[in-house]
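Here's the structure, in structure tokens; my notes come after.
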Amino acid sequence: MKCPCLRRDTALSSVSNRHYDIIVIGGGSAGLTAAKFAATFDKSVALIESSKLGGDCTWTGCVPSKTILSISKRVYNWRKMNEKYGSLDNDNIDDSQYRMMMDVKRQIDENRQRIYDHDDSPEVMQSLGIDVIEGSARFLDSKTVDVTSDSSSSSQLTAKYGIVVATGAIPQILNIQGLGEGKYWTYENVWNDFFVDLEQSKPNPLKDTKVIVVGGGPVGCELSQAISRLGCSVILISKSDRLLPSGEEIASSELQNVFEKEDIDVLCGESAVSVTRDESDGIITLTLKSGKSVVGNHILIATGRKPNTNNMGLEDIGVDLCDKTKGISVNDNLETSVKGIYAAGDCTGDRQFTHYAGFQGAIAARNILLPLKDSGKRSDSIPAATFTDPEVASIGLTEDEAVMQYGADKVSVSFRKLSQVDRAICEDADMHGFIKIVYQTKTKQILGATIMAPSAGELISEIAVAKESKLSFDKLSTVMHAYPSYSIALQQMAAEVYYDKLKNSKKLYDVLKKIGL
């Protein structure tokens, strides 16, 4: 089964112009934003892409994953309602599930193509005055790149003001013995291979199809829940001692409880050592460092991503790479060790988010083309969301990080379970989840927040605005929120802090009241 929406574009642009104000290498979130920013200021722009515009987000990340999560949630709720009210037709369930899977694949393909056509396509870029050039770029010097196409033809392009490198990241595959001797899924190929492999497994029931997921980060957690809800059995292996290890521990434990309630097997603190395959029945055996082994029909490797910096000649012209992340080293303004060459997004080894990459792309282009400089690093104020059900979103410091940085006596926490949120109660979504705000005790300035709720990805944006604008947490109580929204819980929590603040000033208020003020 081929995916028509993944066709490659040929002859994206004839290279009529070889001299540009700015060159952008990479057509993902960072590169597209950088190119569009430059075009806004009527600068000539060459956007070089070796594969397909849109990058991971459109084709292998955000768009397909959020589509499958949305559909799998509806399927899961439909199944629960049928089980509760006894209207499930067990005689036809397997056939209908396979038809459903093909519909899921179709929806993923349609959504990707729709967003690509509207936002990312060469036609869109060309309408903005951006030259899109298909090929692989290699630096000749700080202002010149050589672009080689699939047909081996090449052209040299020069940039008057500067070059933005925005080549993204690629899957980080662990050294697991025997893994490469057979087929395995990653976030890149799962959107086709998952459906193809399930189609080939007919007439076996989906519930007899077991998927081993290696990696307990956002990608591993999202896909584990989606695949499970679509009808497969899932076992999730995490090297860390908890899921989503970079966040609050309570979010990890709550999410694991959700998964186990949905019959997803979770093994934390386990490392994959080797993979063997039984050629007779296709069964995969994954051996763990502890000596345990797990078996399944398919294996998905979701162990992170690494910066894509190879084969561009970066080090040949003196561009430094970070020893730790292997990403392109940049200063606060996103300029590399070579003047005039900037880098943005995942290729820098910084935190990997589409919105952060887009932000950095705009800043990099701005710093090349406009006077003065803006900072392109926002490590303490980047909102993040894992779109499981419920979602887990965060920004800034965890409680432990804040205490370590400021001291326990200078840090306060406001905490509310979803069982105390009226909207969650109305939607029967109050079993798991919470809102946790970490703030400075004296100034009430927000240091960080973690939210686990159906709409956590939306709620965290309000905290991001408050944090970035230096609005103290207690001041959120003065902003009226609609009831019964999830967000009104933020106002109510802030009000508690505000009321405590008033209580602490009671003596002063009593005096002012007596003198008639």
Side-chain angles (χ1 to χ4, degrees), residues 12-13 15 17-35 37-38 43-51 53 55 130-150 152-170 305-350 352 357 360-371 373-377:
L12 295 182
S13 175
V15 187
N17 183 13
R18 299 177 187 274
H19 304 282
Y20 293 89
D21 291 326
I22 184 172
I23 294 172
V24 179
I25 304 173
S29 176
L32 289 168
T33 309
F37 181 96
K43 302 298 182 181
S44 59
V45 186
L47 176 58
I48 304 168
E49 171 55 47
S50 62
S51 179
L53 294 178
I130 299 168
D131 281 354
V132 180
I133 301 166
E134 183 180 25
S136 299
R138 186 174 183 85
F139 280 91
L140 300 180
D141 56 46
S142 63
K143 290 185 176 294
T144 311
V145 296
D146 183 77
V147 183
T148 304
S149 68
D150 284 348
S152 298
S153 62
S154 64
S155 299
Q156 290 185 11
L157 309 181
T158 60
K160 180 178 181 180
Y161 298 111
I163 299 174
V164 179
V165 181
T167 47
I170 56 178
R305 301 162 73 240
K306 60 182 181 181
N308 181 22
T309 60
N310 295 329
N311 304 317
M312 286 189 288
L314 291 169
E315 293 173 288
D316 295 341
I317 63 168
V319 174
D320 293 337
L321 301 182
C322 174
D323 291 336
K324 181 179 180 181
T325 67
K326 306 304 179 184
I328 301 171
S329 295
V330 293
N331 61 20
D332 196 51
N333 302 323
L334 303 181
E335 190 171 25
T336 69
S337 53
V338 175
K339 183 176 176 61
I341 298 178
Y342 287 67
D346 297 349
C347 67
T348 67
D350 203 342
Q352 297 177 350
Q360 287 195 328
I363 294 297
R366 176 253 176 272
N367 288 343
I368 287 174
L369 298 172
L370 301 181
K373 303 291 182 184
D374 279 352
S375 171
K377 293 188 176 181

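Model, not experiment: these values are computed from the prediction.
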So which atom in [X] and which in [Y] form the shortest heavy-atom distance, rounded to 0.1 Å?
X      : Y      : answer
Asp332 : Ser375 : OD2-OG, 2.9 Å
Gly361 : Ala34  : O-CB, 3.3 Å
Leu369 : Ala38  : CD1-CB, 3.6 Å
Lys306 : Gln352 : N-NE2, 4.4 Å

Answer whether the closest heavy-atom distance between the side chains of [X] and [Y] falls below 4.5 Å.
X      : Y      : value
Gln360 : Val330 : no
Asn308 : Cys347 : no
Thr336 : Leu314 : no
Ile328 : Leu321 : yes
Val24  : Phe37  : no
Asp316 : Phe139 : no
Arg18  : Thr158 : no
Asp374 : Asn367 : yes

For a quick test of your reading: what N or O donor-acceptor pairs under 3.5 Å do the side chains of residues 337-345 make, sequence neighbours left out?
{"unit_1": "Ser337", "atom_1": "OG", "unit_2": "Gly318", "atom_2": "O", "d": "2.8"}
{"unit_1": "Ser337", "atom_1": "OG", "unit_2": "Asp320", "atom_2": "N", "d": "2.9"}
{"unit_1": "Tyr342", "atom_1": "OH", "unit_2": "Lys373", "atom_2": "NZ", "d": "3.0"}

Next on the checklist: Taking Glu335's backbone N and O only, do any of them form a donor-acceptor pair with Asn333's side chain (distance below 3.5 Å, no angle check)?
Outcome noted: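 Looks like no, no N/O pair under 3.5 Å.
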Checklist entry - Do any N or O atoms from the side chain of Arg366 and from the backbone of Pro371 form a donor-acceptor pair under 3.5 angstrom? => result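 Yes, because the side chain of Arg366 sits within donor-acceptor range (under 3.5 Å) of the backbone of Pro371.
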Euclidean distance, [Y] [atom2] relative to [X] [atom1], rounded to 0.5 Å:
X      : Y      : atom1 : atom2 : answer
Asp350 : Leu334 : CG    : CG    : 8.5 Å
Asn310 : Glu315 : CG    : CD    : 9.0 Å
Ile22  : Ser44  : CD1   : OG    : 9.5 Å
His19  : Leu157 : NE2   : CG    : 9.0 Å
Lys377 : Thr348 : NZ    : OG1   : 7.5 Å
Tyr20  : Ile48  : OH    : CD1   : 8.5 Å

Next on the checklist: Go through it in stages, so that I can follow the logic: the residues are Thr309 and Val319, the test is side chain to side chain contact (heavy atoms under 4.5 Å, CB included), and I'd like the CA-CA distance, side-chain angles, deciding distance and then a yes or no.
Outcome noted: CA-CA 11 Å; Thr309 60; Val319 174; over 6 Å; no
Donor-acceptor pairs under 3.5 Å, side chain of residues 140-149 to any protein atom, not counting sequence neighbours: which ones?
{"unit_1": "Asp141", "atom_1": "OD1", "unit_2": "Lys143", "atom_2": "N", "d": "2.8"}
{"unit_1": "Asp141", "atom_1": "OD1", "unit_2": "Thr144", "atom_2": "N", "d": "2.8"}
{"unit_1": "Asp141", "atom_1": "OD1", "unit_2": "Thr144", "atom_2": "OG1", "d": "3.0"}
{"unit_1": "Asp141", "atom_1": "OD2", "unit_2": "Thr144", "atom_2": "OG1", "d": "3.4"}
{"unit_1": "Lys143", "atom_1": "NZ", "unit_2": "Lys160", "atom_2": "O", "d": "3.0"}
{"unit_1": "Asp146", "atom_1": "OD2", "unit_2": "Thr148", "atom_2": "OG1", "d": "3.3"}
{"unit_1": "Ser149", "atom_1": "OG", "unit_2": "Ser151", "atom_2": "N", "d": "3.4"}
{"unit_1": "Ser149", "atom_1": "OG", "unit_2": "Ser151", "atom_2": "OG", "d": "2.8"}
{"unit_1": "Ser149", "atom_1": "OG", "unit_2": "Ser153", "atom_2": "O", "d": "3.4"}
{"unit_1": "Ser149", "atom_1": "OG", "unit_2": "Ser153", "atom_2": "OG", "d": "2.8"}

